[in-house]
Every structure is written in C-alpha cells, then in structure tokens.
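Since the structure is predicted, the reported quantities are computational estimates derived from the model, not experimental observations. Letters A, B, ... mirror the listed sequences (proteins, then strands); counts begin at 1. We use all heavy atoms of the structure for the numbers below, so side chains are in, but hydrogens, waters and symmetry mates are not.
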There are 2 protein chains.
Amino acid sequence: MGNGSKTPKNGRNAPTIADVAERAGVGIGTVSRVINNSPAVRPETRAKVQAVMEELGYVPNPHARRIAGGRSYTVSVLLPFVGTEFYLRLLEGIEAELGEQRYDLALFPLLSKQRLERFLSSSALAYHTDGLIVASYDLAERFPGGRLPTDRPVVMVDARSEAYDSAYLDNALGGRLAAEHLLALGGPVFAVQIEEELDRAFASTVFSARIGGFREALAQAGVPLPEDHVFRTRLSAEGGQIALQRFLELQRPPLNVFAAADVVALGVVEAAERSGLEVGREVRVLGFDGQPWTATRGLSTLEQPVETMGRAAARMLIERLQGTKGPPRHERFEPRLVVRASTQIGS
Amino acid sequence: MGNGSKTPKNGRNAPTIADVAERAGVGIGTVSRVINNSPAVRPETRAKVQAVMEELGYVPNPHARRIAGGRSYTVSVLLPFVGTEFYLRLLEGIEAELGEQRYDLALFPLLSKQRLERFLSSSALAYHTDGLIVASYDLAERFPGGRLPTDRPVVMVDARSEAYDSAYLDNALGGRLAAEHLLALGGPVFAVQIEEELDRAFASTVFSARIGGFREALAQAGVPLPEDHVFRTRLSAEGGQIALQRFLELQRPPLNVFAAADVVALGVVEAAERSGLEVGREVRVLGFDGQPWTATRGLSTLEQPVETMGRAAARMLIERLQGTKGPPRHERFEPRLVVRASTQIGS
DNA sequence: CCTGCGGTGGGAAACGGTTCGAAGACGCCC
DNA sequence: GGGCGTCTTCGAACCGTTTCCCACCGCAGG
C-alpha cells in the first residue's frame, strides 16, 4: 500500500491539516489560525488557505480539536423526546447560529431521568461537549442547589431558569392575547388544556402558563371561564377532536375555542369539519405555536419566534464559552397573533 | 496555581492514562492493554491496574481513543423522534450489550430527512462513530443503491433490511396471534390501525404488518374483517377513545378490539370505562407492544422482547466492528401473547 | 544606517490515548 | 551452562489538532 498517491477524496483517510498546509505552501499553524478565525492572518493568505481547504474537502477532526484545545467545538442540546415540529424549528435556529461560529451540536433526547443523570455525571459519553442548551424543561430545579451537576455553561431555551441564561417565550401573554381576540368575536369561550407530562419523564409548564394567561384576561374582562369549559387532554390532534365533542354537548354553535397547541387546534378543526360545522363561523378555533402548516390550513394561531429564540440561546451560550461572566441573563420573546380563516367569518 | 498537588478527583482535570500508570507502577502501554482487554497481561497486573483505575475514577477519553486508534468506541443510534416507551426499552438493551464491550452510544433523533443527510455526509459532527444502529425505519431504501451513504457498518433494529444485518419482530405473526385469541373469545371483531407517518418525516411499516397479519388470519378462519370495523388514527390514546366510540355506533357490546399499539389500546380502555362498560366482558381489548404499564392496567397485549432485540442488534454491530464479513444476517423475534383482565371474563 | 516594533507566519510541544518493536524474565532442553 | 522460545512489559512513535514561542519582514523614528 504505497501511500505515495494522495487520496484526499471522501474516502477512508480524510485530508489533514498538514495536507492543507503543504498544498497551500504555509505552515500548519497558519492553517489552524484560518480555521479559528484568528485575526493574525493576512487576507490573501487566508483566502489561499480557504481555497485549498475547499478544494481538498478538508474538515477539521473534532476529536483532535477536543484533545488539543480542550474544547470540542460541540454543544449538547437536550430536548424532550416528543415528535413536534417545534423542536425542528428550534434546532434550525440553534444550528444556524452555532454554525456561523463553527460549532457543531450533539442532540440528546431526554428519555428518562436516569438517562439524564448518566449523561451529566458519567463522563464516558460521546457528549464531551463544551456547553449545554436545555429546551423546554427547567431541569435545574430538579437538582440539589437548583443547578445542574456540571461545570460547563448552560443556557435554557423555551424555559426560564433562575440559575442560568435563558431565552423564553411569554406564554401567559399569548394566553391574554388569545382571550382578547376571542372575546372580540363574541360568543361563549372554551379552552383545551394539555397535560404537562409531555413524555412521562419530565414536566413542562408552557401549557399551563398559556391557559393561565387566558383565564386571567377573561376574568379581568368580567367573563370568567367555567371549569367545564376547559377540557384537558394529552398532546394529540385526537384530543382536540374529543374536546370539541364535549363542548358541543354543552353549547350549540357558534362557539370559540382556544387550544394551547396547534396540533390540538387541528383536531378541533377536524372534528368541526366532520360534524359539518363551518370553521370560522360556527366554530372558531385559535391555536398556539405558529406551526408552518397552520398557514395552509387557515388556522389562526399565536406565532412564536422559534428560530429567533433558538438563535438567541445559541448566541448566549457562545458568549459564555468565550468567557463572558456575570449573572444569568434572560431574553423574553412575545408571541404574535396571526388571524386566519378559522377565527374570521367567511373568507 | 502550583500543579504540584494532583487533583485526580472528579474536578476539572480528569486523571489520564499516565496518572494510572505511575500510580500502579506500570507503563502506559500496560494500562492501555488492560483497558482494551488484551490477553497479554498477567492477571495480577491487570487486577492492580484496575484497582488504581477504580481508585482514581479513571475513564478513558473517547476523543483521544478515536484519534489514536482510529475508533471512537462509540456507535450512533438513529431513532424516530417520538416519545414512546418502546425506544426507552430498546436503548436499554442496546446500551447493556454495548456497555459490556466498553462501547458508548450517541443518540441521533431522526427529525427530518435533511438532518439525516447532513448527519451522514458532512462529517463535521460529534457523530464520528464507528457504526450505526437504525431503529424502526428501513432508511436504506430511500437512498440510491439501497445502501446508506456511509462505509461504517450498519445494523437495523425493529426493521428488516435487505442490505444490512437486522433484528426485527415478526409483526404479522403478532397480528395472527391476536386474531386467534379474539376469535376464541367469540363476538364481533374490530381493529384500530395506526398511521404510518409516525413523525411526518419517515414512514414505518410495523403497524400495517400487524393489522395485515390480523386480517389475514381472520380471513383464513372465514371471518373477514369489514372495512368499517377498522378505524385509522394517529398514534395516541385519544385515537383509541374515538375508535371505540365509532365501533359502539356500529355494534352493541360485547365486542372485541385489537389495537395495533398499547397506547391506543389504553385509549379504548379509557373510553369503555368512561361509558360505564365493563372491560374484559363487554369490551375486550388487546394491545400490542408489551409496555411495562400494561401489567398494572390489566391490559392484554402482544409482548415483544424489545430489550432482547436491542441486545441482538448491538451484538451484531460489534461483531461487524470486529471484522466479521459475510452477507447480511437477520434475527427474527416473535411476540408473545399475554392474557390479562382486558380479554378475560370477570377477574 | 541602526533600532524598535507591530503584523505575520513557522513549527515544536502538548493533548491523551493506541500500537508496535524491543527487551527483560523465565523455563526448558541439550 | 548456553541457547532459545514464550510470556510480559516498557516506552517511543504516532494520531490530528491547538498553542505558544520565536523568527522574519517592513517601516517609522532617532
């Protein structure tokens, strides 16, 4: 096996920093500096090196980076193990921001508490990462001292934490906006609440915050929400279908329904259509999340800036990784009411 | 900051192989051989080294292993992004087997096709692992040539693939067993089928195989299954609730329901209880999966040896990693009927 | 013309492991 | 007693990066 002939193609042995250096006629240190955006490189040199990297398809080996530099340029993202589009969008945002800073991410689905603890303590995993982004759960509060047993920086997203930086949505505000909107339409108001035990391992509070804000705004307007106007279900479209059935037993159309999540709102719409009721007139439905498909289904919703929140979280983490000190910072985001056919008479 | 005093505790700087070697009075090569179960170590030496490793809390750095040895002793597990207990159990099995061989795993939730392709091609991730275990989807068939674009070994679990080793359950057999059992009870038979688009990114075939076997066995017994005796829903307990509602519109109790998944069967049970019907007599319910909680809920089910399948998949992968050649091997597993109160008259 | 200095670039050392050639210890045989 | 395997063990070399020290360059100032 003479290794005289280079095989820099996407084959078994990838090109190394030495290959790049040689081909570009510079030293390995210079290549490293280019990779790490060090300012101490002349623009022409940088361009030349980058061209060679491109040509050779060079990608720095993260394991080597980790071992040499102490950092892996990788962050772990801990996310609930539920299949919703929300997390897809959130990751989109996180990844966009991390990518610009040449960071990678490793996903860690939160399947069980046991697994989480193994992840955090036993260091044997592939998750030897520089920092953590935790989505949707305030994991910190379930550990003694209110802090995760790790010395790496942590940022919360879609959740607020006292102990760590966080980027979160004002869910209660969303509930209040929902109340205002539905009240303006006139007619009785109902709500679909969602069980917090998302995946029977961890509990989130977003849904109760949404319904809480809703209830509060209604009360302030002098229209309290009766208990039987609230239906609780697990997170599924079918739960929304059942909810509307119940509501129709109590009340003849027209009626207004606020669902704490778009998926559930979709079920309400499905059930209405199946019952031959006109959505937007006889049954008005307002969801929450702003999932992409709500536009084509004509579903009114409270849109949250998911990608933006993801980016914000990633940015905060990177700043911490670069040494920023100081008390936890919190970025608050607001949902935006998007009115579509499902809460508008006719088209 | 004199570093004269060692801090081998679980602090910032973990002990290295050199620390262990020094403390044990051996060379680093010997320590490495102990770590890797090389036979060329005297038992007493091995014991001594292991004692020191224990004492120091030494864990080999996977990045260093990867860089030095070419392997990372880590395998990726690709799994659908749905929050079911099935995957928890599957991972339990996989992890048990891998752990015995000193391998770690990195989870990769299959959120979208786009993300999968990035994972497989762009090598920049932390997922520089030695092999892949793919759960539930025959991902291979969606790539040109019917093979994943990777040269690392691949094993399928809970799915069968022509191109790769696989450990899978005979779902059709489960359906047939279900049919036999329900027929023996007497009375009309219904089925709840589940949408294959588990998480709207990838499609699985397990549910249609289950219902397929069910239908086939019924037909053979001369009791074909009418179309309106099959209700389709997404995977959720509420879907089961709605299904029973529909069935009760067509048929007065007693009736028998086979649900293609335990979660859905649970919904059927819930709906029956809410309607004041006696489960096991007026409504008989049979699930599929053998989730741990079925025991306490008295739900009859087709139990699958999930952990065992996971172990089998991991074992096959490790063998491949150790150089085993040859055509794809397939391990077939069979579900086992567990009869409980939900398909038994009285207690 | 010499000196000093900021801006660049080169490459040795280090990171924490694996691997492999070499060497020591020991027992056996002639 | 010397020759020769076998069984263990040692530690240097290496994996692909980062980091740091030093050298070099060109230019302004004395």
With B:E97 via salt bridge (Lys or Arg N to Asp or Glu O under 4.0 Å) - residues at least two apart
B:R311, B:R315
Please list, chain by chain and in numerical order, all residues satisfying salt bridge (Lys or Arg N to Asp or Glu O under 4.0 Å) with A:D165, sequence neighbours excluded.
A:R320, A:R329
List for me each residue that meets salt bridge (Lys or Arg N to Asp or Glu O under 4.0 Å) alongside A:R66, sequence neighbours excluded, and say none if there are none.
A:D130
Return the polar atom pairs (N/O with N/O) between nucleotides 20-22 of chain C and the protein under 3.5 Å, or none.
none

Please enumerate all residues that pass side-chain contact (heavy atoms from CB on, under 4.5 Å) together with B:N61, with sequence neighbours excluded.
B:H63, B:A64
Write out a two-atom table: protein N or O, nucleotide N or O from nucleotides 13-16 of chain C, distance below 3.5 Å.
residue, atom, partner, partner atom, Å
C:dC15, O2, A:I67, O, 3.4
C:dC15, O2, A:A68, N, 3.4

With no hydrogens and no angle check, just 3.5 Å: does a side-chain donor-acceptor pair link B:S136 and B:D158?
yes
Between the side chain of A:T324 and the main-chain N/O of A:E319, is any donor-acceptor distance below 3.5 Å?
yes
Interface residues of residues 37-47 of chain A with DNA chain C (non-hydrogen, below 4.0 angstrom):
A:A40, A:V41, A:R42, A:T45
Do A:I17 and A:D19 come close enough that some side-chain heavy atom pair is under 4.5 Å?
no
Any donor-acceptor N/O pair, A:N36 side chain to A:R33 backbone, under 3.5 Å
no
Heavy-atom contact window of chain B on DNA chain D, given 5' to 3' at under 4.0 Å:
D:dT8 to D:dG16
For A:Y103, what residues pass the ring pair (Phe, Tyr, Trp, His ring centres under 6.0 Å) criterion, not counting sequence neighbours?
A:Y73
Report the residues that fulfil salt bridge (Lys or Arg N to Asp or Glu O under 4.0 Å) with B:R332, sequence neighbours left out, ordered by chain and then residue number.
B:D170, B:E334
Residues passing the side-chain hydrogen bond (donor to acceptor under 3.5 Å, both in side chains) test with B:Y58, sequence neighbours excluded, are none
Salt bridge (charged side-chain N to carboxylate O under 4.0 Å, His left out): which pairs involve residues 47-57 of chain A, sequence neighbours left out?
A:R23-A:E55
